[in-house]
Amino acid sequence: MSALTWLNAEAFTVFGQKVIWSDMIGNLMGLAALALGWRRSIWTWPAQLLSGLILIAAYASAHLAGGVGKQLLVIGVAVWGWRAWQLGRQKAQDGSIAVRTATWKERGLLLGGAALGTLAVGGLFTLFPNLSWSPWADAYIFVGTIVAMVAQARGLVEFWFAWLLVDLVGVPLAFTGGLAFSGLVYVVYFALVLWGAYDWYQRSRTNPAPALEGATA
(Lines give C-alpha, C1' and ligand atoms only; values in the text may rest on other atoms or scores of the structure.)
Protein backbone atom coordinates (compact mmCIF):
# COMPACT_ATOMS: atom_id res chain seq x y z
CA MET A 1 0.00 0.00 0.00
CA SER A 2 1.41 3.41 -1.01
CA ALA A 3 1.60 6.33 1.43
CA LEU A 4 -1.07 8.21 -0.55
CA THR A 5 -3.42 5.23 -0.50
CA TRP A 6 -2.95 4.87 3.26
CA LEU A 7 -3.52 8.59 3.86
CA ASN A 8 -6.85 8.44 2.03
CA ALA A 9 -7.95 5.22 3.72
CA GLU A 10 -10.65 5.19 6.38
CA ALA A 11 -9.39 5.66 9.94
CA PHE A 12 -12.77 5.31 11.69
CA THR A 13 -16.41 6.31 11.40
CA VAL A 14 -18.17 8.83 13.65
CA PHE A 15 -21.82 9.91 13.51
CA GLY A 16 -22.16 7.89 10.33
CA GLN A 17 -19.37 9.78 8.54
CA LYS A 18 -16.10 8.26 7.40
CA VAL A 19 -12.92 9.91 8.73
CA ILE A 20 -9.82 9.41 6.59
CA TRP A 21 -6.27 9.50 7.91
CA SER A 22 -5.16 12.52 5.86
CA ASP A 23 -8.11 14.60 7.09
CA MET A 24 -7.45 13.67 10.71
CA ILE A 25 -3.64 14.01 10.73
CA GLY A 26 -3.63 17.18 8.63
CA ASN A 27 -6.14 18.90 10.88
CA LEU A 28 -4.31 17.83 14.04
CA MET A 29 -1.17 19.39 12.58
CA GLY A 30 -3.23 22.48 11.80
CA LEU A 31 -4.35 22.65 15.41
CA ALA A 32 -0.73 22.38 16.52
CA ALA A 33 0.23 25.18 14.12
CA LEU A 34 -2.55 27.39 15.48
CA ALA A 35 -1.44 26.75 19.07
CA LEU A 36 2.17 27.56 18.12
CA GLY A 37 0.95 30.73 16.41
CA TRP A 38 -0.80 31.76 19.62
CA ARG A 39 2.54 31.26 21.41
CA ARG A 40 4.24 33.32 18.67
CA SER A 41 6.63 30.45 18.03
CA ILE A 42 8.41 30.32 14.68
CA TRP A 43 7.59 26.60 14.59
CA THR A 44 4.04 27.52 13.61
CA TRP A 45 5.28 27.81 10.01
CA PRO A 46 6.81 24.33 9.51
CA ALA A 47 3.73 22.91 11.25
CA GLN A 48 1.48 24.75 8.76
CA LEU A 49 3.64 23.55 5.88
CA LEU A 50 3.36 19.92 6.98
CA SER A 51 -0.38 20.27 7.57
CA GLY A 52 -0.80 21.64 4.05
CA LEU A 53 1.14 18.77 2.49
CA ILE A 54 -1.02 16.18 4.23
CA LEU A 55 -4.35 17.95 3.61
CA ILE A 56 -3.70 18.08 -0.14
CA ALA A 57 -4.39 14.35 -0.16
CA ALA A 58 -7.60 14.83 1.85
CA TYR A 59 -9.04 17.55 -0.38
CA ALA A 60 -8.00 15.74 -3.56
CA SER A 61 -9.88 12.64 -2.39
CA ALA A 62 -13.00 14.79 -1.82
CA HIS A 63 -12.59 16.47 -5.25
CA LEU A 64 -12.39 19.93 -3.65
CA ALA A 65 -10.15 21.84 -6.07
CA GLY A 66 -10.40 24.99 -4.00
CA GLY A 67 -9.26 23.08 -0.93
CA VAL A 68 -6.26 21.69 -2.82
CA GLY A 69 -5.43 25.18 -4.04
CA LYS A 70 -5.78 26.48 -0.50
CA GLN A 71 -3.26 23.94 0.80
CA LEU A 72 -0.80 24.74 -1.99
CA LEU A 73 -1.04 28.36 -0.92
CA VAL A 74 -0.62 27.35 2.72
CA ILE A 75 2.64 25.64 1.78
CA GLY A 76 3.91 28.61 -0.26
CA VAL A 77 2.95 31.27 2.27
CA ALA A 78 4.24 29.12 5.14
CA VAL A 79 7.69 29.15 3.53
CA TRP A 80 7.48 32.94 3.09
CA GLY A 81 6.16 33.50 6.61
CA TRP A 82 8.84 31.27 8.09
CA ARG A 83 11.49 33.32 6.35
CA ALA A 84 9.84 36.61 7.35
CA TRP A 85 9.81 35.64 11.03
CA GLN A 86 13.43 34.47 10.80
CA LEU A 87 14.44 37.86 9.38
CA GLY A 88 12.26 39.78 11.83
CA ARG A 89 14.28 41.87 14.22
CA GLN A 90 11.40 43.15 16.38
CA LYS A 91 11.12 40.76 19.31
CA ALA A 92 8.93 40.67 22.39
CA GLN A 93 10.55 40.68 25.81
CA ASP A 94 10.28 36.90 26.05
CA GLY A 95 12.22 36.48 22.78
CA SER A 96 9.18 35.56 20.65
CA ILE A 97 7.78 37.59 17.78
CA ALA A 98 6.21 40.88 18.84
CA VAL A 99 2.67 41.52 17.58
CA ARG A 100 0.56 44.59 16.85
CA THR A 101 -2.82 45.65 15.53
CA ALA A 102 -3.01 46.64 11.87
CA THR A 103 -3.28 50.25 10.77
CA TRP A 104 -6.51 51.31 9.06
CA LYS A 105 -4.61 51.38 5.77
CA GLU A 106 -3.45 47.80 6.27
CA ARG A 107 -6.98 46.70 7.17
CA GLY A 108 -8.31 48.35 4.04
CA LEU A 109 -5.67 46.62 1.91
CA LEU A 110 -6.44 43.23 3.46
CA LEU A 111 -10.21 43.63 3.02
CA GLY A 112 -9.87 45.04 -0.49
CA GLY A 113 -7.50 42.27 -1.50
CA ALA A 114 -9.83 39.65 -0.07
CA ALA A 115 -12.86 41.05 -1.93
CA LEU A 116 -11.12 41.48 -5.29
CA GLY A 117 -9.31 38.17 -5.00
CA THR A 118 -12.53 36.30 -4.20
CA LEU A 119 -14.29 37.86 -7.20
CA ALA A 120 -11.39 36.94 -9.49
CA VAL A 121 -10.96 33.36 -8.26
CA GLY A 122 -14.73 32.79 -8.01
CA GLY A 123 -15.11 33.97 -11.59
CA LEU A 124 -12.37 31.58 -12.69
CA PHE A 125 -13.99 28.64 -10.89
CA THR A 126 -17.35 29.56 -12.45
CA LEU A 127 -15.89 29.64 -15.95
CA PHE A 128 -14.25 26.25 -15.41
CA PRO A 129 -16.79 24.18 -13.39
CA ASN A 130 -14.46 21.16 -13.31
CA LEU A 131 -12.22 23.09 -10.91
CA SER A 132 -14.83 23.24 -8.15
CA TRP A 133 -18.38 22.11 -7.40
CA SER A 134 -18.73 25.08 -4.99
CA PRO A 135 -16.92 27.91 -6.82
CA TRP A 136 -17.69 30.90 -4.60
CA ALA A 137 -17.17 29.10 -1.30
CA ASP A 138 -13.90 27.64 -2.59
CA ALA A 139 -12.80 31.06 -3.84
CA TYR A 140 -13.58 32.63 -0.46
CA ILE A 141 -11.51 29.97 1.31
CA PHE A 142 -8.72 30.17 -1.26
CA VAL A 143 -8.28 33.94 -0.96
CA GLY A 144 -9.12 34.17 2.75
CA THR A 145 -6.27 31.79 3.51
CA ILE A 146 -3.78 34.06 1.76
CA VAL A 147 -5.07 37.10 3.64
CA ALA A 148 -4.90 35.32 7.02
CA MET A 149 -1.38 34.00 6.53
CA VAL A 150 -0.03 37.31 5.19
CA ALA A 151 -1.46 39.03 8.27
CA GLN A 152 0.15 36.39 10.49
CA ALA A 153 3.52 36.78 8.78
CA ARG A 154 3.37 40.50 9.56
CA GLY A 155 2.49 39.83 13.20
CA LEU A 156 -0.96 41.41 12.93
CA VAL A 157 -3.64 40.60 15.52
CA GLU A 158 -6.25 40.67 12.74
CA PHE A 159 -4.98 37.38 11.36
CA TRP A 160 -7.02 35.54 14.00
CA PHE A 161 -10.27 37.08 12.79
CA ALA A 162 -9.38 36.31 9.18
CA TRP A 163 -8.91 32.62 10.07
CA LEU A 164 -12.23 32.61 11.90
CA LEU A 165 -14.05 33.99 8.86
CA VAL A 166 -12.38 31.39 6.63
CA ASP A 167 -13.36 28.53 8.96
CA LEU A 168 -17.00 29.65 9.13
CA VAL A 169 -17.29 28.70 5.45
CA GLY A 170 -14.58 26.06 5.19
CA VAL A 171 -15.87 23.76 7.92
CA PRO A 172 -19.44 23.31 6.58
CA LEU A 173 -17.98 22.83 3.09
CA ALA A 174 -15.65 20.14 4.44
CA PHE A 175 -18.60 18.30 6.02
CA THR A 176 -20.46 18.46 2.70
CA GLY A 177 -17.40 17.10 0.92
CA GLY A 178 -17.16 14.17 3.33
CA LEU A 179 -14.23 15.47 5.42
CA ALA A 180 -15.91 14.90 8.77
CA PHE A 181 -12.85 15.40 10.95
CA SER A 182 -12.43 18.96 9.63
CA GLY A 183 -15.88 19.72 11.02
CA LEU A 184 -15.35 17.90 14.30
CA VAL A 185 -12.28 19.95 15.22
CA TYR A 186 -14.11 23.23 14.62
CA VAL A 187 -14.94 23.72 18.30
CA VAL A 188 -11.26 23.41 19.19
CA TYR A 189 -10.25 25.78 16.39
CA PHE A 190 -12.85 28.29 17.55
CA ALA A 191 -11.60 28.20 21.14
CA LEU A 192 -7.96 28.58 20.04
CA VAL A 193 -8.82 31.49 17.74
CA LEU A 194 -10.65 33.37 20.49
CA TRP A 195 -7.89 32.65 23.01
CA GLY A 196 -5.13 33.59 20.55
CA ALA A 197 -6.87 36.77 19.43
CA TYR A 198 -7.28 37.91 23.04
CA ASP A 199 -3.67 37.10 23.92
CA TRP A 200 -2.22 38.82 20.85
CA TYR A 201 -4.43 41.87 21.37
CA GLN A 202 -3.33 42.22 25.01
CA ARG A 203 0.31 41.91 24.01
CA SER A 204 -0.09 44.44 21.20
CA ARG A 205 -1.32 46.99 23.74
CA THR A 206 1.54 46.46 26.19
CA ASN A 207 4.32 45.99 23.65
CA PRO A 208 3.43 47.77 20.38
CA ALA A 209 5.82 47.08 17.54
CA PRO A 210 6.40 48.12 13.93
CA ALA A 211 6.11 45.63 11.08
CA LEU A 212 8.65 42.83 11.01
CA GLU A 213 11.72 43.41 8.91
CA GLY A 214 11.67 41.14 5.88
CA ALA A 215 7.84 40.94 5.84
CA THR A 216 6.74 43.33 3.13
CA ALA A 217 3.16 44.48 2.73
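These numbers come from the heavy atoms of this one structure, side chains and all, not from hydrogens, waters or symmetry mates. Start at 1 with the first residue, then count along the sequence.
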Would you say [X] and [Y] are hydrophobically clustered, going by side-chain heavy atoms of ILVMFWY under 4.5 Å?
{"X": "Leu124", "Y": "Val143", "value": "yes"}
{"X": "Leu194", "Y": "Leu165", "value": "yes"}
{"X": "Leu116", "Y": "Ile146", "value": "no"}
{"X": "Leu168", "Y": "Leu31", "value": "yes"}
{"X": "Trp104", "Y": "Phe161", "value": "no"}

Find out whether [X] and [Y] are in side-chain contact, i.e. whether some heavy atom of one side chain is under 4.5 Å from a heavy atom of the other.
{"X": "Val169", "Y": "Ile141", "result": "yes"}
{"X": "Leu53", "Y": "Gln71", "result": "no"}
{"X": "Ile75", "Y": "Ile56", "result": "yes"}
{"X": "Trp163", "Y": "Thr145", "result": "yes"}
{"X": "Trp160", "Y": "Tyr198", "result": "no"}
{"X": "Leu110", "Y": "Leu156", "result": "yes"}
{"X": "Leu34", "Y": "Val193", "result": "yes"}

Search all heavy atoms of [X] against all heavy atoms of [Y] and return the closest pair with its distance.
{"X": "Leu55", "Y": "Ser22", "answer": "CD2-O, 3.7 Å"}
{"X": "Ala153", "Y": "Ala84", "answer": "O-CB, 4.4 Å"}
{"X": "Val74", "Y": "Gly52", "answer": "CG1-CA, 4.3 Å"}
{"X": "Ala33", "Y": "Ala47", "answer": "CB-CB, 3.7 Å"}

inquiry  = Would you call the rings of Trp38 and Trp195 parallel, tilted or perpendicular, taking 30° and 60° as the class edges?
reply    = tilted
key: Reported OG1-to-CG distance for the pair Thr118 and Asp138, which is rounded to 0.5 angstrom   =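 It is 11.5 Å, given to the nearest 0.5 Å.
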ask   = Rounded to the nearest 0.5 Å, what separation is found between the CD1 atom of Ile25 and the CD1 atom of Ile54?
value = 6.0 Å
query = Does the distance from a Lys or Arg side-chain N to an Asp or Glu carboxylate O, for Arg100 and Glu158, drop under 4.0 Å?
reply = no
request  = With sequence neighbours excluded, give me every side-chain hydrogen bond (donor to acceptor under 3.5 Å, both in side chains) pair touching residues 46-57.
outcome  =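 Sorted result for residues 46-57: Thr44-Gln48, Gln48-Gln152.
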message = Checking Trp43 now: which residues fulfil ring pair (Phe, Tyr, Trp, His ring centres under 6.0 Å) with it, not counting sequence neighbours?
response =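 Expected list: none.
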ask   = Between Trp82, Trp80, Trp85, which is the residue that forms a ring-ring contact (aromatic ring centres under 6.0 Å, His included) with Trp45?
value = Trp85
request  = Please find out if less than 6.0 Å separates the ring center of Trp136 from that of Phe125.
outcome  = no
query = If you look only at pairs with a residue in residues 190-200, which of them pass as a salt bridge (charged side-chain N to carboxylate O under 4.0 Å, His left out), with sequence neighbours excluded?
reply =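 Non-adjacent pairs meeting salt bridge (charged side-chain N to carboxylate O under 4.0 Å, His left out): Arg40-Asp199, Asp199-Arg203.
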